[in-house]
Structure formats: C-alpha cells, structure tokens
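What follows is a short report on a single structure.
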Amino acid sequence: MEPIYTLFKSCTAAGWLPSIFEHAFMVRGLLAALIIGPLLGAVGTVVVTKKLSFFTQTIGNAAMSGVALGLLFGEPADSTYAGLYGFCLIVALLMTFVKNRTSLANDTIIGVVLAQTLGLGIILMIVVTNQFNIHQVEGILFGSLITLTDNDLIVLAITALAAGLLFTCTFNQFMLSSFNKTLAKARGLSPVFLEYFFVVLMTAVVVASLKLIGSLLVLVLIVVPAAGAQLISSNLRRFVWLSMLFSTVSTVLGLLLSGILPVPSGAVIAVVSSLLFYAALLLRPLLAKGGPNQGEI
Amino acid sequence: MIAAVQPNLLEVTDLSVTLRGNRILEQISLAVKKGHIHALTGPNGAGKTTLMRSVMGGMPHQGTIRFLFRDSCRLGYVPQFLEFDHSVPITVFDFLFLMLKRVPVFLGRRRAMRERITAILAATNCAHLIDRCVGQLSGGEFRRVLLAQALEPKPELLLLDEPASNIDEVGIRQFEEMLISLRDQHGITILMVSHSLDMISRVADRVTAINRSIFYDGSPDGLTHFDLQQQYKILG
C-alpha cells in the first residue's frame, strides 16, 4: 500500500488533492469508499425491489454480536472477521430459512430476529467491554476511518470483487425472481436458491462495509441511494446506474467531510445520502418522465 | 376445431394435493391432447390454480404428471396474478430482457435486443408498449405482455391461468382470436383456467370442470351454467 500513499502525498504536495490526503487513513477511506459505493448502490436496487431493507439492518445489528463473539474467541481486536462473517451469515440464513418454512410475514421475522440480535449483542458487548476498549465497538456501530486498516481494505477489495462479479452475472435472475417468483420458476429458475444466494452475497458486502459505515448506518447506504434513484428512473438501467452514482457520491463526499469535521464517517455519509434522496424527490417531476414514480409531490 | 385423434401431450393421473392438512385436489385424472385448447373451470377455491402449479412442478403432490413432448419441450406460463411492486421502474423492454438474456440489463447491448423484443411483443399486438413501465399498464395490456413472454421461446404447452380476467369485452374477443391463432397457426397446445363458459365454448376443444375432484370432463357443449351453479352451491 505504501506506493499508493506516496502517490497521494505527491499529489497533495503538488496541490492536486486536498491536504487531508496526506494522511494514510484518508487514502484508505477514499479507496474503500470508491470500492463499496458503487457496489452497495447496485446491491441496493435488488434490496429495495425485494423489500429487504430492514433485513440489512438486522445484519448490521448482528454485527455487534459478531464482533463480540470474535473477541471472545480470541480474534485480534482490529479484525474480528471470523466472528463477524460467521455470526452475520448464520443470522441471515436463519431468517431466510424461517421465512421459507413458515407463513410469517417478512417484517415479523425481521422484528423477531432484530430483537434477538440486539439483546444478544448488548449482553455480549457488556461481557466483552470488561476486557476490551469500548471505542472499538463504537467503530463498529458508527463506522470509523481511523480504525480502517490495510487488512480491512484488502478484505473489502476481495469481497467486493467476488460479490460484484457474482452480482453482475446473476442480476437478471435476482431481479426476475424479486419481481415475481412464479414467473421465475416458470423460466426454470429456483427462487428459493436465488434468495439464499442473494442473502449470502448481501451479507458479505454489508459485513465488509461495516468498518467504514458502521452497523447502525449500513442500511442507509444500501437503501437510500436506491430509493432516490427509483424516484427519478424510468427504466432498470437508469435505476441501477443512478443508485450506484448516488451511493458513490454519498460515500466519497461523506468521507471527505468526515476528514474535515470531527464526526464519524458513517454519520456524514448517511446525511449526504439523505440529502441526495431529497434532491431526487424535489426533482422528480422533471426527471421521472415515463417512470412509475412521476408526478407532483 | 381440431379432430380428437390427436396424441396426448400431457397426462395427469390420480393427482392429489394436500396443503396443511386440507385436501385441495382429489384423484384428478385428465389428458390434454396435442394441438388442443383445453379449459379448466370450476368455482373459486376449487383447486384450478393448484392444478396448474402442480403441472408446472411447483407444488408437492401425489399421483403422476407426464409430459409427452416432441418438439421444444418447453412450458410457457401466464399467471393469474402477478404481484409486484408497481413503483419499481421496470419497463416492458426490461421485463423481457430479464427473461431472455443472462447479460445484466444495465450492461446489455440494447439496440439488438430492442429489435428482438419488439418482434416478440408484436406477436401479441403490444409492440407499442415496449418503453412503458410495467406498473403503469392496464390489466389487458399487461396480459398481452405476459402472453408475449410466455411465447418466447416457442412453448409446446402454454399454461394460462384466467387469461381473460381484468379485460373488457373487446379485449376478450381479441384475446380469443389470439389463442385460436396460436393453436391453429403455430400448433401450440393450451391449457387454460377460465371462469367464463362463454369463452370456453368459443375457443376450447375440451373442458375439465373441477371442484377438488373432477365433476365434468368432455366437450364444452356438454357443460352448462346449471352444472357450475350446482357446484357453487356445494362449495358455498
């Protein structure tokens, strides 16, 4: 990573970039933002279509327990990935399993699991904080540029590459299955398999993004850009690209602001993302011609 | 009408479906002949859609379902309802693209696909709807789009679940002409659920009436409104 940091320093010295990029953590943050921004934006379009918005929040909540479990099992404090991925995947698969095996509504299942993971997370955090710095947990909750390491960036890049590739290859199937399961089945697809597959993929992306955005705010970056894009899109192509654009602008701008202001990166990203959503809402009558969400506010 | 000497394309034997302890279908046996329009009718809750779903392989059942395909070995399906979020910006073009291509719709080459999809939609007289959002279509328009997707690639057996619901009288007549053309011009066998005896008598070669089990199976001329009303009373 050193050559990249040196390059950014040179650019800063030449006046091509703001002075905040003299710091390695800001460069890491920018790279992370450029990786996860488009990915979360694209994944968000399927999340919104499948109505899985609060599912992602449950994964975020499960992350608290995941971090605590990782620490309890002796993982290093700055990379509790086994605990995080392990617990979040179990929770995601459990929710999908219960949904497919019962007639309970999706939001009911999410409510049940959300309460469980929150309760368990708080208990485990109390146990763990006796032997661990609370700021690390804070970083998981709200995201922190400072705690983002080179290793985190590598995990993020590998996850994003794999998830991005798989997502691109299966986007049409995800969308068709989200649109209507019976029709997808008639086309030879397996909606149940696709649901499990998407949930695993989404969980991997969410967990990899936690260091930058935080578990409490990860929902924002998955749902808000897609919701804003949906308001002013008249077709799927525009929906996906606009969602990716909104998400990337939110992460990069939010990151730059958090480098200047003494606030967590996740919080600023959430505010920027929300501002873009409201801008889309205001511009909807002009931009949504032919789309399903056109009309006056 | 097609002569009744055609070979069977679909054979359902002793089909029973039980869901959460409730018997939905009981010992259903029927045969759909190649090149026929075969109608399924019966009161609401009689198990018609369950029978369709069983044929599609989407319902656990007892008994056997046998396809005797010779050509494309493909099923086309037009569902009764298509529940979806009307606010999602999916155009008719996108909708068909999702089904026909593996390349993601946001990366695909649209010009070549546009010509292909226009031709597919033209088969059911709805090419003009290509850029409309699916959530903005009327019931009749959406039925035609659904039928167009079911015909690509050409199916050997087309399953239609209440194809005439939400369509006005003029639209129904156009739809019937389309079905007859699919059977006579393209040799497509059709199994359709319908509540309309008038429509059945105009287009179907054979009708099977069910109310959990079969209470009539034969020519559309032999089934009367009275027969159906008797079954509604039993159910009611």
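What you see is a predicted model; the values in this text were computed from it and never measured. In what follows, every chain begins at residue 1, and chains take the letters A, B, ... in the order their sequences are listed.
More than 12 heavy atoms of other residues, nucleotides or ligands shown are found within 6.0 angstrom of CZ on Phe197(A). Within 6.0 Å of CZ in Arg66(B) there are 12 or fewer heavy atoms belonging to other residues, nucleotides or ligands.
Note: Phe179(A) CZ to Leu98(B) CG = 8.5 Å, rounded to the nearest 0.5 Å. Distance check: Thr168(A) OG1 to Phe106(B) CZ gives 4.5 Å after rounding to the nearest 0.5 Å.
Only the side chain of Met56(B) comes within contact range of chain A, with at least one heavy atom under 4.5 Å from a heavy atom of that chain. Proximity to chain A is absent for every atom of Leu137(B), based on heavy atoms less than 4.5 angstrom apart. Contacts of Lys51(A) with chain B are made by side-chain atoms alone, with heavy-atom separations under 4.5 Å and no backbone atom involved. Contacts of Phe97(B) with chain A are made by both backbone and side-chain atoms, with heavy-atom separations under 4.5 Å. Heavy atoms of Leu107(B) lying under 4.5 Å from chain A belong to its backbone as well as its side chain.
The main-chain N or O of Asp94(B) is never found under 3.5 Å from a side-chain atom of Asn235(A) such that the two would form a donor-acceptor pair. Checked by atom type and distance alone, the side chain of Asn172(A) pairs as donor or acceptor with a backbone atom of Val103(B) at under 3.5 Å.
In this structure the side chain of Gln149(B) reaches within 4.5 angstrom of the side chain of Arg187(A), judged on heavy atoms.
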Working note: Arg237(A) + Val105(B), criterion side-chain contact (heavy atoms from CB on, under 4.5 Å); need CA distance, chi angles, decisive distance, verdict. CA-CA 6 Å; Arg237(A) 187 187 179 92; Val105(B) 66; 5.7 Å; no

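For the residue pair Tyr77(B) and Leu183(A), the shortest heavy atom distance occurs at O-CD1, 3.9 Å. When all heavy atoms are compared, the tightest approach of Ser234(A) to Pro89(B) is C-CB, 4.1 Å.
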